[in-house]
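First the proteins, then the strands, lettered A, B, ... as listed; each starts at 1.
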Amino acid sequence: MVYAALFAAYGPRHWWPADSLFEVMVGAILTQNTAWSNVERALQRLRGLVSLDAEAILNLSTEQLADAIRPAGYFNVKAARLQEFCRSYLIAGGLNGLARLDTAALRRYLLAIKGIGPETADDMLLYAFERPVFVVDAYTRRLFQRLGHLSGNEGYEQIRSAFESALGADVVLFNEYHALIVNHAKAVCKTKPRCDQCCLSEHCAVSGQ
DNA sequence: TACCAGGAGAAAA
DNA sequence: TTTTCTCATGGT
């Protein structure tokens with residue numbers, strides 16, 4: 001089993017790296033198509049400017065916010081998305097208001113926000129709201145494609161439901177699994193420059209799984 | 001210097 | 001409906 005191999009290689013990851021649940025959601029938007037190291041720089045700059053809450057972010061001009069999150073890349077796009085999310089977050093009653101929704105309703109609500117796609121919504125659902133939703137990202141696709149479990153033509157929802165059906169609704173497992181996949185990608189990237197060539201090589205923790 | 005990285009939405013075909 | 005383009009910084 002891939003999970004067992006990853007867990008044996010890296011141990012528990014205790015994700016997501018953030019000081020608050022709101023910060024998890026901000027990080028989920030900032031990390032869109034971006035390396036986490038750049039997101040950390042952006043979060044640090046943003047923390048240096050305002051407290052990390054929805055009201056404070058909305059009180060900034062979009063230009064101020066964009067400048068603060070510049071290291072995360074796509075800063076103009078992400079500043080607008082972040083403020084759009086903050087508006088919807090407050091309208092819904094913040095964390096407590098959103099937490100009252102069942103998982104399907106919460107996912108629909110998040111996906112209806114401009115700038116929140118399936119992966120970002122599922123990051124939030126799993127790591128901020130502790131809902132049993134499997135996050136499918138580029139690392140997941142790449143790893144399972146290399147292992148021969150995916151062809152590469154599957155859609156996001158198809159992969160997500162396949163994982164959820166196979167694993168059952170287990171928040172702790174989903175949390176660790178996704179974190180381990182990300183950790184693995186970073187680990188092999190350190191060893192080899194090209195991730196897509198790593199998962200079948202001798203140093204790979206899941207080779208042959 | 002060139003290429004790549006944890007996505008999403010709009011425009012074009 | 002599907003494919004292509006755009007957004008951008010930082011590391012190697």
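- Atom CG in Asn175(A) sits roughly 18 Å away from atom P in dG6(B) (whole-Å rounding).
- Checked against salt bridge (charged side-chain N to carboxylate O under 4.0 Å, His left out), Glu63(A) has no partners two or more places apart in sequence or in another chain.
- Rounded to a whole Å, the CG atom of Leu110(A) is 18 Å from the P atom of dG7(B).
- When the C1' atom of dG7(B) is taken as reference, atom CD1 of Ile29(A) falls 11 Å away, rounded to whole Å.
- Rounded to whole Å, the distance from CZ on Arg141(A) to P on dA5(B) is 14 Å.
- The one candidate from Val26(A), Ile116(A), Thr120(A) that meets the side-chain contact (heavy atoms from CB on, under 4.5 Å) condition with Phe85(A) is Ile116(A).
- For the pair Asn153(A) CG and dT3(C) P, the computed distance is 10 Å after rounding to whole Å.
- Rounded to the nearest Å, the gap between the P atom of dG10(C) and that of dA8(B) is 22 Å.
- Atom name C1', nucleotides dT12(C) and dG7(B): the rounded distance is 23 Å, in whole Å.
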Polar pairs (N or O, both sides) under 3.5 Å between protein and nucleotides 8-10 of chain C?
unit_1: dA8(C); atom_1: OP1; unit_2: Tyr74(A); atom_2: O; d: 3.4
unit_1: dA8(C); atom_1: OP1; unit_2: Phe75(A); atom_2: N; d: 3.2
unit_1: dA8(C); atom_1: OP1; unit_2: Asn76(A); atom_2: N; d: 2.7
unit_1: dA8(C); atom_1: OP1; unit_2: Val77(A); atom_2: N; d: 3.1
unit_1: dA8(C); atom_1: OP2; unit_2: Asn76(A); atom_2: ND2; d: 3.0
unit_1: dA8(C); atom_1: O4'; unit_2: Tyr74(A); atom_2: N; d: 3.0
unit_1: dA8(C); atom_1: N6; unit_2: Tyr74(A); atom_2: OH; d: 2.4
unit_1: dA8(C); atom_1: N1; unit_2: Tyr74(A); atom_2: OH; d: 3.1
unit_1: dT9(C); atom_1: OP1; unit_2: Arg70(A); atom_2: NH1; d: 3.4
unit_1: dG10(C); atom_1: O4'; unit_2: Asn38(A); atom_2: OD1; d: 3.3
unit_1: dG10(C); atom_1: O4'; unit_2: Asn38(A); atom_2: ND2; d: 3.4

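- We find that CG of Asn183(A) is positioned 13 Å from P of dG6(B), with the value rounded to whole Å.
- Within the structure, salt bridge (Lys or Arg N to Asp or Glu O under 4.0 Å) pairs that include any residue of residues 25-34 of chain A do not occur (at least two apart or interchain).
- Atom CZ of Arg160(A) and atom P of dG6(B) are 21 Å apart (whole Å).
- When the C1' atom is compared between dT2(C) and dG6(B), the two are found 24 Å apart, to the nearest whole Å.
- Between Phe163(A) and Tyr177(A), the two ring planes are perpendicular [angle over 60°; tilted spans 30° to 60°].
- Residues forming a side-chain contact (heavy atoms from CB on, under 4.5 Å) with Ala56(A) (at least two apart in sequence, or on another chain): Val50(A), Ser51(A), Asp53(A).
- Defined by atom type and a distance below 3.5 Å, a donor-acceptor pair is present between the side-chain atoms of Glu154(A) and Ser151(A).
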Report summary line: Heavy-atom contacts, protein to nucleotides 8-13 of chain B, under 4.0 Å, summarised as B (base), S (sugar-phosphate only) or - (none) per nt, yield BSS---
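- Atom P of nucleotide dA5(B) and atom NZ of Lys186(A) are separated by 14 Å, given to the nearest angstrom.
- Legend: residues meeting side-chain hydrogen bond (donor to acceptor under 3.5 Å, both in side chains) with Thr34(A), ordered by chain and number and at least two apart, are Lys78(A).
- Here Asp122(A) pairs with Arg107(A) in a salt bridge; the nearest charged N to carboxylate O distance falls below 4.0 Å.
- Taking the ring axis of Phe134(A) as reference, the NZ or CZ atom of Arg160(A) does not stay both within 45° of it and closer than 6.0 Å to the ring centre.
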